[in-house]
Amino acid sequence: MTIVTLKRRQDFLKAARARRCRRTAFTLLANKRTAEKDADCMRLGLTCSKRIGGAVLRNRAKRRLREAARIALPQYGHLGWDYVLIGIPHHSVNQEFSSLLSDLCAALRRIHGPTQPV
């Protein structure tokens, strides 16, 4: 299973208009892509604003969110979807990693709902 990085602003904007789930340390945005050429992978984007802190704290928050996504997406994510994680000031850096991971798994389950195939 491949996780590709989102890089284009247009893809982030599409995700912003789609499903969202707010948690303590992050907000998860999810968008199902319609293009068939990208249906065999998931794409992940990370956003941490300057409100989180300086470059060191922003990078730490992104590393933690990226690692949680690396663990959770293969199990709870769906192929052909774009996911964007937006860090929340103070919580993205300070929350226990196990709690962050369980929040991400719960957010992915909520985004896809019980009727979606895994």
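Remember, it's a predicted structure, so these values are computed and weren't measured experimentally. When reading the values below, keep in mind they use all heavy atoms of this one structure, side chains included, and skip hydrogens, waters and symmetry mates. The first residue of the sequence shown is numbered 1, and numbering continues consecutively from there.
The hydrophobic cluster containing Ile86, built from Ile/Leu/Val/Met/Phe/Trp/Tyr side-chain heavy atoms closer than 4.5 Å, also comprises Leu6, Phe12, Leu29, Val84.
With contacts defined as side-chain heavy-atom distances shorter than 4.5 Å, the pair Leu44/Leu85 qualifies. Side chains of Ser99 and Thr24 form no contact here, defined as non-hydrogen atoms less than 4.5 Å apart.
The salt bridge (Lys or Arg N to Asp or Glu O under 4.0 Å) analysis of residues 44-58, with sequence neighbours excluded, yields no pairs. Within the structure, every pair that satisfies the salt bridge (Lys or Arg N to Asp or Glu O under 4.0 Å) test and touches residues 69-89, not counting sequence neighbours, is listed here: Arg33-Asp82, Arg43-Asp82, Glu67-Arg70. Sorted pairs that involve residues 84-93 and meet salt bridge (Lys or Arg N to Asp or Glu O under 4.0 Å), not counting sequence neighbours, are lacking altogether.
Residues satisfying the ring-ring contact (aromatic ring centres under 6.0 Å, His included) criterion with Phe26, sequence neighbours excluded, are absent altogether. With sequence neighbours left out, the side-chain contact (heavy atoms from CB on, under 4.5 Å) criterion links Arg9 to Leu13. Applying the side-chain hydrogen bond (donor to acceptor under 3.5 Å, both in side chains) rule to Arg66 yields no partners; only residues at least two apart in sequence or on another chain are considered. Residues passing the side-chain hydrogen bond (donor to acceptor under 3.5 Å, both in side chains) test with Glu96, sequence neighbours excluded: none. By the side-chain hydrogen bond (donor to acceptor under 3.5 Å, both in side chains) test, Thr27 is found to be paired with no residue, residues two or more places apart in sequence or in another chain being considered. Judged as a side-chain contact (heavy atoms from CB on, under 4.5 Å), and not counting sequence neighbours, the contacts of Ala106 are Arg23, Arg109. Among residues two or more places apart in sequence or in another chain, the salt bridge (charged side-chain N to carboxylate O under 4.0 Å, His left out) test is passed with Arg8 by Asp11. Contacts of Asp103 classified as side-chain hydrogen bond (donor to acceptor under 3.5 Å, both in side chains), with partners at least two apart in sequence or in another chain: Gln95.
There is a path of hydrophobic side-chain contacts, each under 4.5 Å, that joins Leu100 to Leu28. Cluster membership for Leu46 and Leu104, using ILVMFWY side-chain heavy atoms within less than 4.5 angstrom, is shared.
The two residues Pro74 and Ala69 come nearest to each other via the heavy atoms CD-O, 3.9 Å. When all heavy atoms of Ala18 and Ala30 are compared, the closest pair comes out as CB-O, 2.9 Å.
The structure places CG of Leu65 at 9.5 Å from CD1 of Ile88, a figure rounded to the nearest 0.5 Å. Rounding to the nearest 0.5 Å places CG of Asn31 at 11.5 Å from CZ of Arg20. Interatomic distance, SG of Cys48 versus CZ of Arg64, reported as 11.0 Å (0.5 Å rounding). For the atom pair NE2 of His78 and CG of Leu73, the computed distance is 10.5 Å after rounding to the nearest 0.5 Å. Within the model, atoms OH of Tyr83 and CG of Leu108 stand 6.0 Å from one another, a figure rounded to the nearest 0.5 Å.
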Check the pair Phe97 / Ile71 against side chain to side chain contact (heavy atoms under 4.5 Å, CB included), numbers first and verdict last. CA-CA 12 Å; Phe97 185 76; Ile71 294 169; 4.1 Å; yes

What's the verdict on side chain to side chain contact (heavy atoms under 4.5 Å, CB included) for Tyr76 and His112, showing C-alpha distance, side-chain angles and the deciding distance? CA-CA 9 Å; Tyr76 298 104; His112 293 299; 6.0 Å; no

